[in-house]
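Here the structure comes first, spelled out in structure tokens, and everything after it is commentary.
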Number of protein chains: 2
Amino acid sequence: MNKANILVASNRGPVSFSQADDGSLSLRRGGGGLVSGLSAAAAGAGTVWVCAALSEADRLAVREAPGGRLDEAGHDTGGIAVHMIDVPEDTFHRAYNTVANSVLWFVHHLLFDTPNAPAFDAAFRADWAAYRDYNGAFADALVAESADGARVFVQDYHLTLTPRMLRDRRPDLRIAHFSHTPWAPPEYYRLLPADIGREVLTGILGADEVGFLTERWADAFLDCCAAFLDAEIDHRTRSVSFGGRVVRVGVYGLGVDGPAMQERAAAEDVAERREALRAQVGDRRLIVRVDRTELSKNIVRGLAAYREFLTDHPEWHGRVVHLAFAYPSRHDLPEYRAYTEAVRRTAEEINAEFGTEGWVPLILQVKDDYPRSLAAYQLADVLVVNPIRDGMNLVAKEGPVLSQGGCALVLSTEAGAAGELGDDALLVNPYDVSETARALHAALEQSDDERKQRTARLADAATMLPPQRWFAAQAERLG
Amino acid sequence: MNKANILVASNRGPVSFSQADDGSLSLRRGGGGLVSGLSAAAAGAGTVWVCAALSEADRLAVREAPGGRLDEAGHDTGGIAVHMIDVPEDTFHRAYNTVANSVLWFVHHLLFDTPNAPAFDAAFRADWAAYRDYNGAFADALVAESADGARVFVQDYHLTLTPRMLRDRRPDLRIAHFSHTPWAPPEYYRLLPADIGREVLTGILGADEVGFLTERWADAFLDCCAAFLDAEIDHRTRSVSFGGRVVRVGVYGLGVDGPAMQERAAAEDVAERREALRAQVGDRRLIVRVDRTELSKNIVRGLAAYREFLTDHPEWHGRVVHLAFAYPSRHDLPEYRAYTEAVRRTAEEINAEFGTEGWVPLILQVKDDYPRSLAAYQLADVLVVNPIRDGMNLVAKEGPVLSQGGCALVLSTEAGAAGELGDDALLVNPYDVSETARALHAALEQSDDERKQRTARLADAATMLPPQRWFAAQAERLG
């Protein structure tokens, strides 16, 4: 088998499998900004994508593939070689659910209910050992697949230790790490056990280039290196001198691929849903939000803001509908089940309080329906994106790109996107329900002209660095 | 009535009242580091302490006192003039419970369960207006009581707006503000509504001198001024140029009054409890903690660490007792009731898991018994102070001062006291249960010699700046 010159490593790969009742496996190619961006950029000869098996069906597929190479097993992986790793289920659960999603994700998004969680006890140390194993399995696969001097692009908080492991074994490689999340400030990062906090930082610093979505997260990473490592930081050049090497920290603000989105949104399934939605909403104004039901997405406060807006502005009763997409997410974690229930309860309260015979003020949609989301983007008069903290948030960029009549964007200051879109969005503190309520009103009261002009500028900013160029810029910088 | 040259303002004053069944009021003089420190320093002619009525009995007493002056009404206020303010009950509840204790306290101690709280809605704005009124009532009283050019010492997070209000009305006054809490880092402080975050900072900056317990909290305050105000910060001299004035920020590490503590601990009631405790514990080693049941105090993780220690070290079974004082606190707030229940449940689990016929591994004491706490300090072999964040924590200082045979101190890095006591304590990350368990073991295994030497040094450090000198240093600096 030929070795690869470009490698991508991420927990979730570009393909996944499901198993039918008769035992047969079927392959699905994934969507999402990251997957499509990396796919486009990484397609071609000499490129391998290393990812983990996420389900039992994935594991079955991997076991039938020589060396984990799905493409070699005859699967249509979309023109990109895919090496899927069969991490033992218990190891994967500990590394993915317990360490990555319940600790590292929570740290970087400031999500902990600190009086009660986290508690780093003996059980957590076992989970951490599994996270190390999981990172090590990626390092093994990358070592096996990499040609001499290859460039390796390691993705996100699931894989913070892999860069260091790779460097120790393969100093010939050029390694990049990219964080798609925010980064915690030192005063919050320090709730991690001290040795683990350092292990994550030094793990990432195994890379030559460390990337973030915004300057704010890059600076927070530098602040953590200064606070917890014996490292020298240069904030001006964004570099870290550590262990005899200089690691550069870069900012790459992932945007959306406008033409590709437009093409997808022009399909028939979207048109059908747009007509159904228009019939449902009538000539009322439409406020839209599209989120996974993720603790950081702040759906409950967003709905509470809509409620306060309706309380303050009876003149809008009957003239507006809020369509809230809240897709299921991470239901393995009890906090997420409780949060989903809180979203549902709040929605019911709003409809009970304000709804009339002929008007349902809030439509909560919990079933994932991608073309319906795209239709909603097309029709939305107002788009609400109010996360308590978010690496970038691509919804804020997709909405303006697909808007047909102009869409006012209510945007959290804590979304990475606020840096690029802040001039033309209505910025809100995500904890400030009253401010968000006022922004909803201001958004609805914007003149058509102003809304259209702002939407055009938002769409321009949103497409400044589409996934292909985002990846190419990192590849170029890595040399 | 003569005007005062020195004034102290704090929510809780040096006296409080209770009402008997026959309607008669009886006065109680308060304890605590702050109260005793300020009392000693502020005693004498020309000094007035302004405080709030905290209960119905306090309000009755105030209404019978001319101009709120309890001393003028013939109450024995311990040689210090006391002006108690009759804030309306609803205003007090909103200002004290909702704003001060549920928002500002939570912000500075990083206590929020961010996905769910806080939510700054219309109801909160009404609470904030009450907080302004409450701060204004203090400003009114201080204006009325202050001689020309008087020095005014405003205390803590309950009274952040009072310094600015005072300055606007009485530019002749010299004003100090002191925070007894930590201060939030900017990335957490910014969850406050933007205008309110600025109002708090500019309110405090109405003072000439702004004081904190440690350099860490002072620096965090400077960072917030830099992030949220149009202010110039000089970290070297610790000063803030804002609104045409220069405000100095100082660090005053409040310590304990060794001789006074020794005298109190020599009383008969303490000796009785010491004997009872010795009989109860026998010749077993004794681990002690003394806390209000406050979310920041981290009692549950402390008990979990004791459990992990017992799991890891069966050789210590039957040879150690953990005496945990957890006094009731803030039971008006549902989070605190739930936390108290979690403490009780964890304690029961530990005794169920490890207890034997002749050995109760954990004694949880929830009834406040001050002389029994002092007796416990005298006998403790190990003192556990593991807050998730704490302005200073005087328990960590009181324990070593009263220890009779030497006491190893397990101390959180997040307590302000860690700065002064870190060299001779066993420092732990409060979220790291395993590290805390190891520290308990190391503390028990310390040789008697080492424990005694460390305790002596800890006691020296703890008494470096007793309340009287702490206050005098601030008064001197204010000029």
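Within every chain, numbering begins at 1; the chains are lettered A, B, ... in the order of the sequence lines, protein sequences first and strands thereafter.
- Heavy atoms closer than 4.5 Å to chain A are found in both the backbone and the side chain of B:R190.
- Proximity to chain A among residues 298-309 of chain B is limited to B:R301, B:E308, judged by heavy-atom separations below 4.5 angstrom.
- Of all residues spanning residues 116-132 of chain B, those with a heavy atom less than 4.5 Å away from chain A's heavy atoms are B:N116, B:A117, B:P118, B:A119, B:F120, B:D121, B:A122, B:R125, arranged by number.
- Side-chain atoms of A:D432 never come within 3.5 Å of backbone atoms of B:L192 as a donor-acceptor pair (strictly under, hydrogens ignored).
- Within residues 339-351 of chain B, the residues that have a heavy atom under 4.5 Å from a heavy atom of chain A are B:Y339, listed by number.
- The contact between A:R216 and chain B is made entirely by side chain atoms (from C-beta outward), counting heavy-atom distances below 4.5 Å.
- The shortest side-chain heavy-atom distance between A:T114 and B:F112 does not fall under the 4.5 Å cut-off.
- Within the model, atoms CG of A:L191 and CD of B:E414 stand 8.5 Å from one another, a figure rounded to the nearest 0.5 Å.
- For the side-chain contact (heavy atoms from CB on, under 4.5 Å) with B:D113, the qualifying choice from A:D113, A:L111, A:L295 is A:D113, the only one to do so.
- Proximity to chain B (any heavy atom under 4.5 Å) is shown, for A:T311, by neither the backbone nor the side chain.
- Taking B:V251 as the reference, B:E215, B:A218, B:R238 meet the side chain to side chain contact (heavy atoms under 4.5 Å, CB included) condition, with sequence neighbours excluded.
- Only the side chain of A:I388 comes within less than 4.5 Å of a heavy atom in chain B; its backbone stays farther off.
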